[in-house]
Amino acid sequence: MRVTKAIKKEQLRRLQEVYRDARPALHYTSPFTLLVATILSAQCTDERVNVVTARLFPRLDTPEKMVQLTQSELEGEIHDCGLFRSKAKHILAMSHMLIENYGGEVPEEFDELIKLPGVGRKTANVVRSVYWGYPGIAVDTHVFRVSNRLGLAKGSTPLEVEMGLQKVIPIKDWGHAHHWLIWHGRKICHARKPECEKCFLSDICPSSTVQHSKK
DNA sequence: AACTCGGGGCA
DNA sequence: TGCCCAGAGTT
């Protein structure tokens, strides 16, 4: 199936309709806690991240409080998230940098965010688009996979998909489309066994395994 | 572009 | 057991 611009628009319309009430799955109360939760979410399910942050953020929700922990203490706090050594190192270094260079606040500029240890394009775009509503699509594994399957934005690298998505998604929806695509990837368009028979986009998805009589 | 970090969930 | 999970840094 050739994916026309009209089909892409229809895909987005249906995604918006079905996931209208989709909210961020990660628990956070501020830019800093969203930043930390997003770092913890790397290669880890959001359910597990929420278990860790639920007991972490009531006590440690600012850079100033975070840097009072030692490396090994923080590793113990986030152990269940996996990749805990590098994550703990990054979170501590990031907190120190926020205090020294940004007055303890999280900068809103993309170029400043990605200077922070442990923060790449994906994490920077999450904080900007989800918390502050800035333009920018965060491309994680779900967004990458679903976008490629739908033909919404094809690319061999996350950056190519990010640029492609920004051409087809209206600016006002960039923070929301991030959630539509993630929820769709979680609920239906799984990595290993996509449930195409349950998918409300199977008739206009070039990767669908469902047979359709009409083309 | 490929490799590494990493414990837990699930087939 | 083997593969996967809301990635980023290094080589």
Side-chain angles (χ1 to χ4, degrees), chain A residues 15 19 21-29 31-57 71-72 74-98 106 110-132 134 136-150 152-153 155-162 165 169 173-195:
Chain A
L15 284 167
Y19 300 112
D21 298 323
R23 294 288 181 269
L26 298 179
H27 174 266
Y28 65 93
T29 57
F32 178 73
T33 53
L34 176 57
L35 194 51
V36 173
T38 307
I39 290 175
L40 291 178
S41 72
Q43 298 301 298
C44 178
T45 60
D46 57 338
E47 288 90 348
R48 187 160 296 275
V49 173
N50 286 336
V51 170
V52 170
T53 56
R55 66 183 182 227
L56 189 66
F57 290 156
Q71 166 87 22
S72 61
L74 184 53
E75 285 179 5
E77 296 278 356
I78 67 174
H79 184 273
D80 292 340
C81 282
L83 305 178
F84 57 90
R85 274 187 275 271
S86 60
K87 286 177 183 175
K89 190 173 81 174
H90 287 149
I91 290 170
L92 285 179
M94 176 189 78
S95 297
H96 280 293
M97 190 178 292
L98 288 175
V106 178
F110 182 87
D111 290 342
E112 300 299 319
L113 279 167
I114 61 175
K115 289 179 184 172
L116 297 169
V119 180
R121 296 190 65 87
K122 182 262 176 178
T123 302
N125 275 324
V126 166
V127 176
R128 283 170 53 78
S129 67
V130 173
Y131 193 89
W132 288 303
Y134 281 104
I137 297 287
V139 178
D140 51 44
T141 54
H142 285 315
V143 176
F144 183 80
R145 179 183 70 253
V146 175
S147 298
N148 264 309
R149 282 181 178 162
L150 287 177
L152 259 184
S156 57
T157 68
L159 182 57
E160 289 173 5
V161 172
E162 180 183 333
L165 285 176
I169 296 175
D173 292 334
W174 284 358
H176 303 288
H178 171 225
H179 292 122
W180 303 339
L181 295 170
I182 286 180
W183 281 72
H184 192 58
R186 286 168 52 81
K187 289 173 172 291
I188 296 174
C189 198
H190 311 294
R192 274 176 289 184
K193 186 177 170 294
E195 301 182 76

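Letters go in sequence order (proteins before strands), and every chain restarts at 1.
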Using atom [atom1] of each nucleotide, how far apart are [N] and [M] to the nearest Å?
N       : M      : atom1 : value
dG8(B)  : dG9(C) : P     : 25 Å
dC4(C)  : dC3(B) : P     : 15 Å
dA11(B) : dA6(C) : P     : 15 Å
dT10(C) : dG7(B) : C1'   : 22 Å
dT4(B)  : dC3(C) : P     : 15 Å
dT11(C) : dG6(B) : P     : 16 Å

The side chain of [X] is closest to which nucleotide in this list: [options]?
X         : options                : value
Lys122(A) : dC5(B), dA6(C), dG8(B) : dA6(C)
Gln43(A)  : dC5(C), dG7(B), dC5(B) : dC5(C)
Thr157(A) : dA1(B), dC5(C), dA6(C) : dA1(B)
Leu83(A)  : dG9(B), dC5(C), dG7(C) : dG7(C)
Ala191(A) : dA6(C), dG7(C), dC4(C) : dC4(C)

Measure [atom1]/[X] against [atom2]/[N] and give the value in whole Å, please.
X         : N       : atom1 : atom2 : value
His90(A)  : dG7(C)  : NE2   : P     : 15 Å
Leu74(A)  : dG6(B)  : CG    : P     : 13 Å
Arg121(A) : dG9(C)  : CZ    : P     : 13 Å
Glu47(A)  : dC10(B) : CD    : C1'   : 13 Å
Phe144(A) : dA8(C)  : CZ    : P     : 14 Å
Ile182(A) : dC5(C)  : CD1   : C1'   : 12 Å
His178(A) : dG7(C)  : NE2   : C1'   : 12 Å
Leu40(A)  : dG6(B)  : CG    : P     : 13 Å

[X] near the nucleic acid: base, sugar-phosphate alone, or nothing, with a heavy-atom cut-off under 4.0 Å?
X         : answer
His190(A) : nothing
Ile39(A)  : nothing
Val119(A) : sugar-phosphate
Pro24(A)  : base
Ala25(A)  : base

Practice item. For His142(A) and for Pro117(A), find the nucleotide of DNA chain C with the closest heavy atom, then tell me which residue's nucleotide is more 5'. Key: His142(A)
Point to revise | Heavy-atom side-chain contact between Pro194(A) and Arg149(A) under 4.5 Å | key: yes
Review point. Do the non-hydrogen side-chain atoms of Leu113(A) and Val106(A) ever get within less than 4.5 Å of each other?
Key: yes
May I ask you to evaluate whether [X] reaches the phosphate of [N], defined as a side-chain N or O under 4.0 Å from OP1 or OP2?
X         : N       : answer
Arg85(A)  : dG6(B)  : yes
Arg145(A) : dC5(C)  : yes
Thr141(A) : dG7(C)  : yes
Thr123(A) : dA8(C)  : yes
Arg192(A) : dA11(B) : no

Practice item. Specify the residue among Ser156(A) and Cys44(A) whose closest nucleotide of DNA chain B lies further upstream toward the 5′ end. Key: Ser156(A)
Review point. If only atom types and distance count, is the side chain of Lys87(A) paired as donor or acceptor with the main-chain N or O of Ala42(A) below 3.5 Å?
Key: yes
Revision key, fill the gap. Note: Glu75(A) and Gln71(A) closest approach over all heavy atoms is OE2-NE2, 2.7 Å
Point to revise | Closest non-hydrogen atom pair between Phe84(A) and Ile78(A), with its separation | key: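 Residues Phe84(A) and Ile78(A), closest heavy atoms: O-CD1, 3.6 Å.
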Check your understanding: Going by the angle between their ring planes, with limits at 30° and 60°, are Tyr134(A) and Trp132(A) parallel, tilted or perpendicular?
Key -> perpendicular
**Study point:** Short side-chain donor-acceptor distance under 3.5 Å, Tyr19(A) and His184(A)
**Key:** yes
